[in-house]
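First the structure, in the form of structure tokens, and then the observations on it.
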Amino acid sequence: MISIAIVSQKGGVGKTTLSVNLAHAFARAGLNTLLVDADPQGSVGLSLTRQSRLLSGFYDFLADPSIPMERLIVPTRLETFSLVAAGTASDYDAGNGTTGAHLARVRTFLFNASTRRYDICLIDTAAGLFGVTNDIISSADAIIIPQQAEPLGIRSLPKLLEGLNRLRITNPRLNVLGVCLTMLQQNLIESAEAASALRHLLPEEMLFQTSIHRDEIFIRASAKGLPVGVLENGKNAETAFDSLRAEILSKLAKSRVTATYQPH
Ligand SMILES: Nc1ncnc2c1ncn2[C@@H]1O[C@H](COP(=O)(O)OP(=O)(O)OP(=O)(O)O)[C@@H](O)[C@H]1O
Ligand SMILES: [Mg+2]
């Protein structure tokens, strides 16, 4: 199982949208996919599982790691797609927790998930790189960083790069898959310019070629906690996540080759 956390310092950049739709793209491609809502205010899969707020979830496990995985995992209509909700203990020491406090339990969670034949585990996190999110970054195999294609996005770039370096120190085996531009508006000059500035400023391998465009269908889908593809007229918006999935799989394959050929 490869665990991939979707993280960002800033809130509202499209982490949840990316997590839900990317997980759906992996699952549609036949990979056994587990989507974990690790945002204590999270609403992943609100309608995939109507009662998601009442379910035991990730934070219940952090509070009590004796809870068996089968009580946490919620199936969806798609056989290859399962969820773990944030849970009822979601105010449990959440974002304010001391970094490192939950490390062992986050690792146990990922280990337990990995014994259940998942290929991919995507983890949607709360904004910020501290507390539980930091412990997830320290435990995951890889991360993806969504970044809004807006002028403010460029201003936060130095902070982002600094943050990335710190993450690499806490988890040297962390595979930083890259930055994915979100809410791109090609027809809006400020957005297009911000995107091209980011392409210019970030090392090529750090930026996904696939960008997610701004489209109101994402707002409709996220209001329902659903992947866009299951909405009427959502098929078009869904294709970007198929490209992103392909890019991720190719990056993961390359990193495995590099790892194999690394001299000892
Ligand atoms: N590509 C897009 N086009 C239009 N709206 C979008 C797009 N992506 C996300 N949104 C909307 O922007 C808002 C924030 O997105 P989202 O919840 O995915 O961000 P987030 O990073 O998870 O936020 P938070 O940090 O609060 O968890 C939501 O209302 C969502 O519907
Ligand atoms: Mg979110």
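Excluded from the calculations below are hydrogen atoms, water molecules and symmetry mates; all remaining heavy atoms, backbone and side chain alike, are included. Both counts, for ligands and for their atoms, begin at 1 and track the order of listing.
At a threshold of 4.5 Å between non-hydrogen side-chain atoms, the residues I120 and L34 do not count as touching. I212 has its side chain out of reach of L181: every pair of non-hydrogen atoms, C-beta onward, lies at least 4.5 Å apart. Between I248 and F208, some side-chain heavy-atom pair lies under the 4.5 Å cut-off. Side chains of I136 and F58 form a contact here, defined as non-hydrogen atoms less than 4.5 Å apart. Counting heavy atoms from C-beta on, the side chains of R173 and N171 come closer than 4.5 Å. Contact of the R214 side chain with the Q148 side chain is registered, since non-hydrogen atoms from C-beta on lie closer than 4.5 Å. Two residues are said to be in side-chain contact when any heavy atoms from C-beta on lie closer than 4.5 Å; S82 and T33 fail this criterion. Within the 4.5 Å cutoff, side-chain heavy atoms of S138 are placed close to those of R107.
Proximity of T182 to ligand 1, defined as any heavy-atom pair under 4.0 Å, is not found for any part of the residue. Counting heavy atoms closer than 4.0 Å to ligand 1, residue Q41 contributes nothing at all. By the criterion of a heavy-atom distance under 4.0 Å, the side chain of I212, and not its backbone, is placed next to ligand 1.
Heavy-atom contacts of A127 reach the following atoms of ligand 1: 25 (O) (cutoff under 4.0 Å). When each atom of ligand 1 is checked for a heavy atom of G11 under 4.0 Å away, the hits are 25 (O). Against a heavy-atom cut-off of under 4.0 Å, V13 is close to the following atoms of ligand 1: 19 (O), 20 (P), 21 (O). Every atom of ligand 1 is numbered from 1 in the order shown, and the set under 4.0 Å from a heavy atom of D39 is 27 (O). Close approach to H213 involves these atoms of ligand 1, each under 4.0 Å from a residue heavy atom: 1 (N), 2 (C), 3 (N).
Remark: minimum distance from atom 17 (O) of ligand 1 to any protein heavy atom is reached at T16 CB, 4.0 Å. Of the protein's non-hydrogen atoms, the one nearest atom 20 (P) of ligand 1 is K15 N, 3.4 Å. Looking only at protein heavy atoms, the nearest one to atom 10 (N) of ligand 1 is M183 CE, 3.9 Å. Among all non-hydrogen protein atoms, the one lying nearest atom 3 (N) of ligand 1 is D215 N, 3.0 Å. Shortest contact from atom 6 (C) of ligand 1 to any protein heavy atom: F218 CB, 3.9 Å. For atom 9 (C) of ligand 1, the closest non-hydrogen atom of the protein is T17 OG1, 3.3 Å. The nearest heavy-atom contact from the protein to atom 5 (N) of ligand 1 is I219 CG1, 3.6 Å. For atom 19 (O) of ligand 1, the nearest protein heavy atom (residue, atom name, distance) is G14 N, 3.0 Å.
Ring geometry for H24 versus F81: interplanar angle of 30 to 60°, hence tilted.
Rounding to the nearest 0.5 Å gives a distance of 3.5 Å between CG of D124 and OG1 of T16.
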TODO: Please lay out, stage by stage, how S3 and D141 fare under the test side chain to side chain donor-acceptor pair (under 3.5 Å).
DONE: CA-CA 5 Å; S3 52; D141 297 309; 3.1 Å; yes
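Put simply, atom 13 (C) of ligand 1 has no protein non-hydrogen atoms near it, under 4.0 Å away.
Closest heavy-atom approach to atom 23 (O) of ligand 1 within the set G12, A237, G128, A149: this belongs to G12.
Excluding waters, the protein N/O/S atoms found under 2.8 Å from the Mg ion (ligand 2) are T16 OG1.
The environment of D64 atom CG is dense: over 12 non-hydrogen atoms of other residues, nucleotides or ligands sit within 6.0 angstrom. Other residues, nucleotides and ligands contribute at most 12 non-hydrogen atoms within 6.0 Å of the CZ atom of R155.
Between K235 and E238 there is a salt bridge, since a side-chain N of the basic residue sits under 4.0 Å from a carboxylate O of the acidic one.
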Solution key, residues 4-11 side-chain donor-acceptor pairs under 3.5 Å, sequence neighbours excluded:
unit_1 : atom_1 : unit_2 : atom_2 : d
S8     : OG     : K10    : O      : 2.5
S8     : OG     : K15    : NZ     : 3.2

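Residue contacts with ligand 1: E216 is excluded, as none of its non-hydrogen atoms falls under 4.0 Å.
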